[in-house]
A.B. asks: 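My questions will all concern the structure given below.
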Amino acid sequence: MIYIVLVLISFFLTYFIKNYMIKKSFVASVNERSSHTIPTPHGGGIAIAITWFIGLFYLYFIGQIEENLFYALLFGAVISIVSFFDDIYELSPKLRLIIQAIVAIGGLYFLGGFETLTFGIFDIQNPIFTNIFAFFMIIWFINLYNFLDGINGYAGSESLFLAVAGFILFGGNHFLVLAVAVLGFLYWNWNKAKIFMGDVGSTLLGYNVAIFTIYYANQEPTNFWIWIILFSVYWFDATLTLIRRKLNKEKLSQAHKKNAYQRLTQAGWSHYKVTNYSIGLNLVLFSIVYFVSNIFVAFILALIVLVLSMKFVDNKKAFE
């Protein structure tokens with residue numbers, strides 16, 4: 001029953017936010033990075049965040065979420081609030097990075113740090129190294145999720161996939177809360193979007209994925225690689241694009257349209273088709289995680305799938 005209530009909260013909050021943003025002319029303008037052609041209201045991530053935190057508090061009060069995970073996820077409210085103001089006032093990159101660093105430190109503090117980074121044949125348990133690695137991973141996940149929130153349904157469907165996959169593999173009602181929080185918003189963002197989530201939603205979702213990765217890795221070190229595979233459509237595209245742009249000697253802070261999903265839309269694919277393609281790719285990656293018992297073999301197979309997928313995108317629209 002609670003999940004029906006939460007999805008309705010997300011649905012109607014998104015609807016009211018959409019109308020309010022239109023009334024106040026808070027719309028995402030079309031620029032050189034945009035994949036849309038019509039100014040569209042943003043801020044739908046407010047509905048995701050409010051629904052998500054209501055659900056988290058509910059789980060906490062009925063004792064269905066561990067305290068350290070609850071506080072680590074709750075600390076994500078900081079990044080949501082700051083990103084809300086960033087959506088409206090466009091805060092400086094330096095200020096955003098400082099806030100992201102604070103949030104990363106806070107999340108790690110509540111989780112008790114990142115204990116072990118395993119590579120199968122050897123483990124790294126030096127807390128200085130593992131926590132520095134986790135710190136930068138959280139910041140990178142926050143930003144890459146924001147980078148790849150660019151077409152209708154893309155960021156929302158990724159979160160829905162991760163929530164469902166997380167629930168199947170690990171259990172935990174926090175995944176169901178995330179799923180319904182995103183689902184209510186996704187109705188308005190799917191195919192021909194009537195509202196975008198904005199930074200307030202994308203940064204929170206990226207932070208959540210990072211927290212899940214560290215939390216479950218602390219339970220079992222190989223779980224780290226499960227989350228890396230599940231999230232690989234995003235981090236592989238964002239990381240490879242960043243490396244390619246660096247090799248091209250481009251200014252990395254400059255807006256661009258060179259991510260795989262953007263190049264597919266430039267090649268003539270609709271937002272709907274690109275999003276469905278990513279969902280299909282995610283299902284392949286989930287199948288690898290689910291059916292291949294050796295996680296490091298699974299990671300190699302996932303990398304092969306990702307490389308072949310990127311070659312497919314390159315053939316559709318070359319990286320220039």
Side-chain angles (χ1 to χ4, degrees), residues 45 48-49 52-53 56 60 65-87 90-118 124-149 155 158-159 162-163 166 172 174-175 178 181 197-219 221 223-228 230-232 234-239 241-243 252-253:
I48 296 175
W52 166 243
F53 290 120
L56 275 186
Y60 180 73
I65 186 171
E66 289 192 16
E67 194 169 276
N68 63 332
L69 178 59
F70 169 74
Y71 284 113
L73 291 171
L74 185 62
F75 204 66
V78 175
I79 196 70
S80 266
I81 293 169
V82 172
S83 295
F84 168 73
F85 287 106
D86 184 38
D87 281 333
E90 295 188 12
L91 305 178
S92 71
K94 183 180 292 186
L95 177 60
R96 293 201 304 267
L97 190 59
I98 291 172
I99 297 300
Q100 290 168 11
I102 292 172
V103 169
I105 293 170
L108 281 170
Y109 170 79
F110 288 116
L111 290 178
F114 183 32
E115 297 171 4
T116 303
L117 179 59
T118 183
I124 299 176
Q125 294 180 313
N126 184 313
I128 296 176
F129 178 88
T130 55
N131 283 292
I132 289 175
F133 172 83
F135 170 79
F136 285 107
M137 187 192 77
I138 294 172
I139 292 175
W140 181 226
F141 276 23
I142 290 171
N143 283 285
L144 74 85
Y145 213 109
N146 189 28
F147 294 159
L148 272 71
D149 175 26
E158 178 72 8
S159 280
L162 291 171
H174 46 275
F175 290 121
L178 180 60
M197 69 170 64
D199 290 2
V200 62
S202 60
T203 55
L204 173 65
L205 295 176
Y207 173 78
N208 285 349
V209 176
I211 293 300
F212 291 148
T213 302
I214 298 167
Y215 172 76
Y216 286 102
N218 283 344
Q219 292 185 346
N223 287 341
F224 172 83
W225 295 100
I226 290 178
W227 280 100
I228 291 299
L230 293 176
F231 195 46
S232 58
Y234 263 39
W235 70 254
F236 186 82
D237 182 12
T239 305
T241 300
L242 187 71
I243 293 171
L252 298 183
S253 60

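Since this is a predicted model, take the numbers as computed values, not measurements. The first residue of the sequence shown is numbered 1, and numbering continues consecutively from there.
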A.B. asks: Name all residues meeting the side-chain hydrogen bond (donor to acceptor under 3.5 Å, both in side chains) criterion together with Tyr145; count only those two or more places apart in sequence or in a different chain, and write none if there are none.
C.D. replies: Ser159

A.B. asks: Closest approach of Ala155 and Met197, non-hydrogen atoms and distance?
C.D. replies: CB-CE, 3.7 Å

A.B. asks: Sorted by first residue and then second, give each salt bridge (Lys or Arg N to Asp or Glu O under 4.0 Å) pair with at least one member in residues 70-81; sequence neighbours left out.
C.D. replies: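 Residue pairs with at least one partner in residues 70-81: there are none.
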
A.B. asks: Just to verify, what does Phe175 make a ring-ring contact (aromatic ring centres under 6.0 Å, His included) with, not counting sequence neighbours?
C.D. replies: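 Residues passing ring-ring contact (aromatic ring centres under 6.0 Å, His included) with Phe175: Phe212, Tyr216, Trp227.
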
A.B. asks: Where is the tightest heavy-atom contact between Phe114 and Asn131, given as atom of each residue plus distance?
C.D. replies: N-OD1, 2.9 Å

A.B. asks: Donor-acceptor pair, Asp199 side chain versus Asp87 backbone, under 3.5 Å?
C.D. replies: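 Flag not set: sc Asp199 to bb Asp87 has no pair under 3.5 Å.
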
A.B. asks: Nearest 0.5 Å please: distance from the CD1 atom of Ile65 over to the CZ atom of Phe70.
C.D. replies: 7.0 Å

A.B. asks: Any salt bridge (Lys or Arg N to Asp or Glu O under 4.0 Å) pairs touching residues 67-86, not counting sequence neighbours?
C.D. replies: Asp86-Arg96

A.B. asks: Check Ala101 against Ile139 and note the closest heavy-atom contact, atom names and distance.
C.D. replies: CA-CD1, 4.0 Å

A.B. asks: Report the residues that fulfil side chain to side chain contact (heavy atoms under 4.5 Å, CB included) with Phe84, sequence neighbours left out, ordered by chain and then residue number.
C.D. replies: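 Partners of Phe84 by the side chain to side chain contact (heavy atoms under 4.5 Å, CB included) criterion, ordered by chain and then number, come out as Ile46, Ile88, Val200.
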
A.B. asks: Which word best sums up how the rings of Phe129 and Phe133 line up, parallel for under 30°, tilted for 30 to 60°, or perpendicular for over 60°?
C.D. replies: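 Parallel, since the angle between the ring planes stays under 30°.
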
A.B. asks: So do Phe224 and Thr116 actually touch side chain to side chain, heavy atoms under 4.5 Å?
C.D. replies: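 Thr116 vs Phe224: side chains apart.
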
A.B. asks: Can you see which heavy atom on Leu230 is nearest to which on Leu162, and at what distance?
C.D. replies: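 Closest heavy-atom pair between Leu230 and Leu162: O-CD2, 3.6 Å.
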
A.B. asks: Does Ile138 reach the side chain of Ile214, with side-chain heavy atoms less than 4.5 Å apart?
C.D. replies: yes

A.B. asks: Does any non-hydrogen side-chain atom of Glu115 lie less than 4.5 Å from one of Thr130?
C.D. replies: no

A.B. asks: Give, for atom CD1 of Ile98 and atom CG of Leu91, the distance between the pair rounded to the nearest 0.5 Å.
C.D. replies: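 Between Ile98 CD1 and Leu91 CG, I get 11.0 Å after rounding to 0.5 Å.
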
A.B. asks: Which pair of heavy atoms, one from Thr118 and one from Trp225, lies closest together, and at what distance?
C.D. replies: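 Nearest pair, atom of Thr118 first, then Trp225: O-NE1, 2.6 Å.
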
A.B. asks: Looking at side-chain heavy atoms only, is the closest gap between Tyr215 and Asn68 below 4.5 Å?
C.D. replies: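 Yes, their side chains come closer than 4.5 Å.
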
A.B. asks: Do you know which two heavy atoms are closest between Ala134 and Leu108, and how far apart they sit?
C.D. replies: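 Ala134 and Leu108 have their closest heavy atoms at CB-CD2, 3.6 Å.
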
A.B. asks: The criterion is side chain to side chain contact (heavy atoms under 4.5 Å, CB included); which residues satisfy it with Ile105, sequence neighbours excluded?
C.D. replies: Phe135

A.B. asks: Could you tell me whether the side chain of Glu158 reaches within less than 4.5 Å of the side chain of Phe231, counting heavy atoms only?
C.D. replies: yes

A.B. asks: Donor-acceptor pair, Trp235 side chain versus Leu144 backbone, under 3.5 Å?
C.D. replies: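 It does not hold such a pair.
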
A.B. asks: About how many Å separate CG of Leu73 and CD of Glu66, when rounded to the nearest 0.5 Å?
C.D. replies: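 It comes to 11.5 Å.
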
A.B. asks: When you compare the side chain of Trp52 with that of Asn208, does any pair of heavy atoms fall below 4.5 Å?
C.D. replies: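 In short, these two side chains touch, coming nearer than 4.5 Å.
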
A.B. asks: Can you measure from NE2 (His174) to CG (Leu56) and round to the nearest 0.5 angstrom?
C.D. replies: 9.0 Å

A.B. asks: Do we see a donor-acceptor contact under 3.5 Å between the side chains of Thr239 and Trp140?
C.D. replies: yes

A.B. asks: At what distance, to the nearest 0.5 angstrom, does OG1 of Thr241 lie from CZ of Phe236?
C.D. replies: 9.0 Å

A.B. asks: Is it the case that over 12 heavy atoms from other parts of the model lie below 6.0 angstrom from the CD atom of Gln219?
C.D. replies: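 Yes - once you tally the heavy atoms of other residues, nucleotides and ligands closer than 6.0 Å, there are more than 12.
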
